[in-house]
Amino acid sequence: MFAALNYFPNQLGWFNPIPDAGASFWQPLVFSMMLMLVALCWASLKEPQNTRYFQIHLLSKVISTAGFFYMFWFHRHYFAYLAGVLTDGPIALFVYYLLFKTRSSTNR
């Protein structure tokens with residue numbers, strides 16, 4: 001994953017590459033977070049009227065987007081941080097759209 005995120009910084013000189021130090025430490029946490037989000041998606045598919053699933057997913061994506069933005073802006077201009085903003089941000093907007101759509105359809 002780090003090799004993919006460092007492609008543009010290494011090959012094209014865009015931003016700074018993210019260092020590899022300590023990356024494997026976070027992999028179990030990242031894997032568990034991804035599985036939790038898959039479980040939330042599955043639960044919201046089975047019970048779309050329960051908007052708590054959407055809210056939890058939205059909270060996760062808003063926090064990760066804000067964290068990536070903060071780290072990119074105030075820490076280092078790593079391309080990986082920018083990639084995090086550009087992936088989790090649109091997902092947060094899409095989950096918000098689904099939450100809004102679900103709430104308006106259940107209020108009829």
Side-chain angles (χ1 to χ4, degrees):
M1 179 56 91
F2 280 99
L5 288 172
N6 283 335
Y7 174 78
F8 290 109
N10 289 333
Q11 298 300 318
L12 303 175
W14 296 354
F15 305 104
N16 298 315
I18 194 163
D20 289 333
S24 61
F25 173 79
W26 298 103
Q27 288 175 347
L29 181 61
V30 169
F31 185 70
S32 70
M33 181 71 167
M34 293 301 107
L35 285 180
M36 183 207 54
L37 290 172
V38 167
L40 281 171
C41 290
W42 182 259
S44 61
L45 176 68
K46 294 298 181 182
E47 281 185 77
Q49 72 281 2
N50 186 349
T51 59
R52 289 285 182 212
Y53 300 129
F54 291 108
Q55 292 169 349
I56 295 167
H57 196 153
L58 181 61
L59 178 65
S60 171
K61 291 300 168 186
V62 166
I63 290 172
S64 65
T65 301
F68 282 131
F69 180 79
Y70 177 85
M71 294 301 286
F72 180 78
W73 196 259
F74 295 106
H75 180 250
R76 298 248 188 235
H77 291 143
Y78 292 144
F79 178 75
Y81 294 149
L82 182 61
V85 170
L86 295 176
T87 55
D88 279 8
I91 293 171
L93 291 173
F94 181 68
V95 172
Y96 179 75
Y97 165 76
L98 292 175
L99 175 63
F100 180 78
K101 185 176 173 183
T102 301
R103 280 187 174 165
S104 50
S105 69
T106 57
N107 289 336
R108 291 181 189 177

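Worth knowing before you read on, the calculation uses all heavy atoms, side chains too, and leaves out hydrogens, waters and symmetry mates. Residue numbers count from 1 along this sequence.
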- Query: Residues two or more places apart in sequence or in another chain: which of them pass side chain to side chain contact (heavy atoms under 4.5 Å, CB included) with Ser44?
  - Reply: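 By the side chain to side chain contact (heavy atoms under 4.5 Å, CB included) rule, Ser44 matches Tyr53, Phe54.
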- Does Phe100 have any side chain to side chain contact (heavy atoms under 4.5 Å, CB included) partners at least two apart in sequence or in another chain, and if so, which?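 Side chain to side chain contact (heavy atoms under 4.5 Å, CB included) check on Phe100 returns nothing, list empty.
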[X] to [Y] - nearest heavy-atom pair and separation:
{"X": "Leu45", "Y": "Pro48", "value": "O-CD, 3.6 Å"}
{"X": "Ser64", "Y": "Asp88", "value": "OG-OD2, 2.5 Å"}
{"X": "Val85", "Y": "Pro90", "value": "O-CD, 3.7 Å"}
{"X": "Ser32", "Y": "Leu29", "value": "OG-O, 2.9 Å"}
{"X": "Leu58", "Y": "Ala92", "value": "CD1-O, 3.2 Å"}
{"X": "Leu37", "Y": "His57", "value": "CD2-CD2, 3.7 Å"}

About how many Å separate [atom2] of [Y] and [atom1] of [X], when rounded to the nearest 0.5 Å?
{"X": "Arg52", "Y": "Leu40", "atom1": "CZ", "atom2": "CG", "value": "13.0 Å"}
{"X": "Gln49", "Y": "Thr51", "atom1": "CD", "atom2": "OG1", "value": "9.5 Å"}
{"X": "Leu82", "Y": "His77", "atom1": "CG", "atom2": "NE2", "value": "9.5 Å"}
{"X": "Gln55", "Y": "Ser60", "atom1": "CD", "atom2": "OG", "value": "13.5 Å"}

Let me check something: do [X] and [Y] share a hydrophobic cluster, defined by ILVMFWY side-chain heavy atoms less than 4.5 Å apart, either directly or through other members?
{"X": "Leu93", "Y": "Tyr97", "result": "no"}
{"X": "Ile56", "Y": "Leu35", "result": "no"}
{"X": "Phe74", "Y": "Phe69", "result": "yes"}
{"X": "Tyr7", "Y": "Phe79", "result": "yes"}
{"X": "Met71", "Y": "Leu86", "result": "yes"}

- Task: Could you check whether the rings of Tyr81 and His75 sit parallel, tilted or perpendicular, using 30° and 60° as the cut-offs?
- Result: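 Answer is perpendicular, since the angle exceeds 60°.
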- I would like to know whether Thr102 and Leu99 meet side-chain contact (heavy atoms from CB on, under 4.5 Å); could you show each step before the answer? CA-CA 5 Å; Thr102 301; Leu99 175 63; 5.6 Å; no
- Message: So, using side chain to side chain donor-acceptor pair (under 3.5 Å) as the criterion, who are the partners of Arg76 when residues are at least two apart?
- Response: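 Not a single residue meets the side chain to side chain donor-acceptor pair (under 3.5 Å) criterion with Arg76.
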- Would you say the side-chain atoms of Thr65 pair up with the backbone N or O of Val62, donor to acceptor, closer than 3.5 Å?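 No; judged by distance alone, with no hydrogens or angles, the pair does not exist.
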- Donor-acceptor under 3.5 Å (Asn16 side chain, Pro9 main chain):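 The answer is no, because no donor-acceptor pair under 3.5 Å joins these two groups.
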